[in-house]
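Just so we're clear, the structure is a prediction, and the values are computed from it rather than from any experiment. Both backbone and side-chain heavy atoms feed into the values below; hydrogens, waters and symmetry mates do not.
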Amino acid sequence: MESYLFPFDSLICMLLGISFTVWFTLLLVFIIVPAIFGVSFGIRRLYMKSLIKLFEWATLRMERGAKEKNQHLYRPYSNGIIAKEPVSLEQEIQEMRRGGAEPEFDMSDIFYFCRRGVESIVDDEVTKRFTAEELESWNLLTRSNYNFHHISTRLTALWGVGVLIRYGLLLPLRVTLAFTGVGLLVVLTSIVGLFPNGRMKNYLSDKVHLMCYRICVRALTAIITYHDSENKPKNGGICVANHTSPIDVIILASDECYAMVGQVHGGLMGVIQRAMVKACPHIWFERSEVKDRHLVAKRLSDHVADTSKLPILIFPEGTCINNTSVMMFKKGSFEISCTVYPVAIKYDPRFGDAFWNSSKFGMVNYLLHMMSSWAIVCSVWYLPPMSRMEGEDAVQFANRVKAAIARKGGLADLLWDGGLKRGKVKEVFKEEQQKLYSKVLVGSSEDRSRS
């Protein structure tokens, strides 16, 4: 009996060995080697165009199936509030007051605040920035709409094939690439760290970082279009960008080398941080140091003062926003006297939602969503460098940079703090509205006394 089983076992082992050899050979030839040299065979863009045609066909089938069943398809819709040009508090209150003489306080003023309160509840421009962006068509993912794949048999079959492709083929491939990229990053940066400081070490560090990040980009099947590369950040400056996802770092670092800023972590992330800092002067803070603004500012200032060091990459929003807007920039990185290089990042949600809702998904669950999506497609715009103007404070400079990023990326420019994701409205915002209303009352009194 054993004599018959032995050849069969040997055959199975041989087939598995051949399969793994072919698998890693394909990875090496078509993904890892092109990543090392920064070239692409155009396979991912062809894949993206094929997906677009598939989504268009699926949307047509979905609409036809819904009509046959007399179902109403959910579409993102307006909430009934008509958008209008922004008007100051004083102007709106003046419009609501009907009388000729203006008293210090009018009962109609109450309706202004009531209306604004109702509008804020119905059209909350803050809370909806922390949920997934709505799609106008279905991308064959149940996470974007669970009910669409029940509309027709063909759609159900297509969705099932998509599940097999994403979880049976793409997910194992991407996990393999992710482990390869992270493993090479840890090993190679540790080796580069053994070299003495100098041009050779800096050159090798740049090549290692770029290669490993490009492999990680391919682990997400990321298709990135970079615009205006002549404005890329240069040494001695700070690169600031809007923040949608933790993979923003990989998206930017696969095209240019940066010095990262962050808090010291334990576990696997700590191993990666310790390896990276051996090859490149990244800036890691201990938990006790993060809240020390003066210490943080000093370390950043010392870094940008040395023009031989890489530009610092910072996300001033301090939290992830859902790819529809840019929220308040923290002023800390704009208090440093150096050139700021703005960068706008915009993801295409049709292929996969890159937004990380950290209050809903942990990091592992989020990465699983990323690696089981169809692809990550985004555009990156390098904006011209900006500096503080004479008489401009850090807050004004931060708002000017934020507005430029929002315009370029086609994002809404909001003044709200991203910290509202988990915290309450700061008292300073309430006081600002109170001051504006008090100016209306004081102004009315002054006008009446002059007359």
Side-chain angles (χ1 to χ4, degrees), residues 85-91 125 129 226-244 248 252 255-261 283 292-319 321 325-346 379-420 426 428-429 431-433 435-436 439:
E85 292 295 322
V87 182
S88 67
L89 181 147
E90 183 176 0
Q91 289 175 321
E125 65 178 10
R129 309 299 174 178
Y226 298 98
H227 305 271
D228 306 320
S229 296
E230 67 275 8
N231 296 324
K232 280 185 182 181
K234 296 178 175 58
N235 292 1
I238 294 178
C239 173
V240 298
N242 57 299
H243 199 22
T244 302
D248 293 339
L252 295 177
D255 188 51
E256 183 67 22
C257 291
Y258 298 94
M260 309 297 176
V261 179
I283 305 172
D292 190 339
R293 292 180 63 250
H294 297 291
L295 176 62
V296 172
K298 184 179 185 308
R299 289 190 62 183
L300 296 180
S301 299
D302 292 343
H303 183 100
V304 298
D306 188 348
T307 54
S308 66
K309 293 182 177 179
L310 296 173
I312 298 173
L313 177 59
I314 294 178
F315 300 100
E317 287 169 299
T319 189
I321 312 299
S325 61
V326 185
M327 301 190 79
M328 187 180 78
F329 279 6
K330 305 292 190 298
K331 67 177 183 179
S333 54
F334 298 92
E335 293 175 330
I336 301 166
S337 299
C338 69
T339 304
V340 170
Y341 296 88
V343 175
I345 307 173
K346 177 68 175 177
S379 294
V380 175
W381 290 271
Y382 295 108
L383 280 67
M386 302 174 70
S387 301
R388 280 175 67 173
M389 296 189 296
E390 187 176 351
E392 186 178 44
D393 61 26
V395 175
Q396 292 170 333
F397 183 32
N399 289 334
R400 184 160 61 90
V401 173
K402 177 168 69 77
I405 291 175
R407 281 195 303 271
K408 197 67 176 180
L411 304 165
D413 184 7
L414 302 179
L415 58 84
W416 297 103
D417 185 358
L420 292 172
K426 293 181 179 179
V428 66
F429 288 110
E431 292 172 0
E432 184 178 353
Q433 295 299 315
K435 288 178 182 178
L436 289 173
K439 285 181 181 178

Residues forming a side chain to side chain donor-acceptor pair (under 3.5 Å) with [X], sequence neighbours excluded:
| X | answer |
| --- | --- |
| Lys232 | Asp255 |
| Tyr258 | none |
| Ser337 | none |

Name all residues meeting the ring pair (Phe, Tyr, Trp, His ring centres under 6.0 Å) criterion together with Tyr341; count only those two or more places apart in sequence or in a different chain, and write none if there are none. none
By ring pair (Phe, Tyr, Trp, His ring centres under 6.0 Å) - contacts of His303 (at least two apart):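 Ring pair (Phe, Tyr, Trp, His ring centres under 6.0 Å) check on His303 returns nothing, list empty.
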Please report the C-alpha distance between Asp228 and Leu383 in whole Å, then the side-chain angles of each, then the deciding distance to 0.1 Å, and finally whether the side chain to side chain contact (heavy atoms under 4.5 Å, CB included) criterion is met. CA-CA 7 Å; Asp228 306 320; Leu383 280 67; over 6 Å; no
Going by heavy atoms in the side chains, are [X] and [Y] under 4.5 Å from each other?
| X | Y | value |
| --- | --- | --- |
| Val304 | Ile312 | yes |
| Asn242 | Glu317 | yes |
| Leu411 | Lys346 | yes |
| Trp381 | Val343 | no |
| Pro233 | Tyr382 | yes |
| Leu313 | Val261 | no |
| Met386 | Pro342 | yes |
| Thr244 | Ile321 | no |

For residues Ile336 and Ala297, report the shortest heavy-atom separation together with the two atoms involved.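 Distance-wise, the nearest heavy atoms are CD1-O, 4.3 Å.
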What are the two closest non-hydrogen atoms of Ala344 and Gly409, and how far apart are they? CB-N, 4.0 Å
Using side-chain contact (heavy atoms from CB on, under 4.5 Å) as the criterion, list what pairs up with Lys298, not counting sequence neighbours.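 With sequence neighbours excluded, Lys298 shows a side-chain contact (heavy atoms from CB on, under 4.5 Å) to Asp302, given in chain and number order.
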For Glu230, is the CD atom crowded, meaning more than 12 foreign heavy atoms sit under 6.0 Å from it?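 Atom CD in Glu230 is crowded, with more than 12 foreign heavy atoms closer than 6.0 Å.
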Under the salt bridge (charged side-chain N to carboxylate O under 4.0 Å, His left out) test, residues paired with Arg388 that sit two or more places apart: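 Partners of Arg388 under the salt bridge (charged side-chain N to carboxylate O under 4.0 Å, His left out) test: none.
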Sequence neighbours excluded and cut-off under 3.5 Å, please list the side-chain donor-acceptor pairs for residues 393-406, or say none.
unit_1: Asp393; atom_1: OD1; unit_2: Val395; atom_2: N; d: 3.2
unit_1: Asp393; atom_1: OD1; unit_2: Gln396; atom_2: N; d: 2.7
unit_1: Gln396; atom_1: OE1; unit_2: Asp393; atom_2: N; d: 3.1
unit_1: Asn399; atom_1: ND2; unit_2: Val395; atom_2: O; d: 3.3
unit_1: Arg400; atom_1: NE; unit_2: Glu392; atom_2: OE2; d: 2.9
unit_1: Arg400; atom_1: NH2; unit_2: Ser387; atom_2: O; d: 2.8
unit_1: Arg400; atom_1: NH2; unit_2: Glu392; atom_2: OE1; d: 2.9
unit_1: Lys402; atom_1: NZ; unit_2: Asp413; atom_2: OD1; d: 2.3
unit_1: Lys402; atom_1: NZ; unit_2: Leu414; atom_2: O; d: 2.8

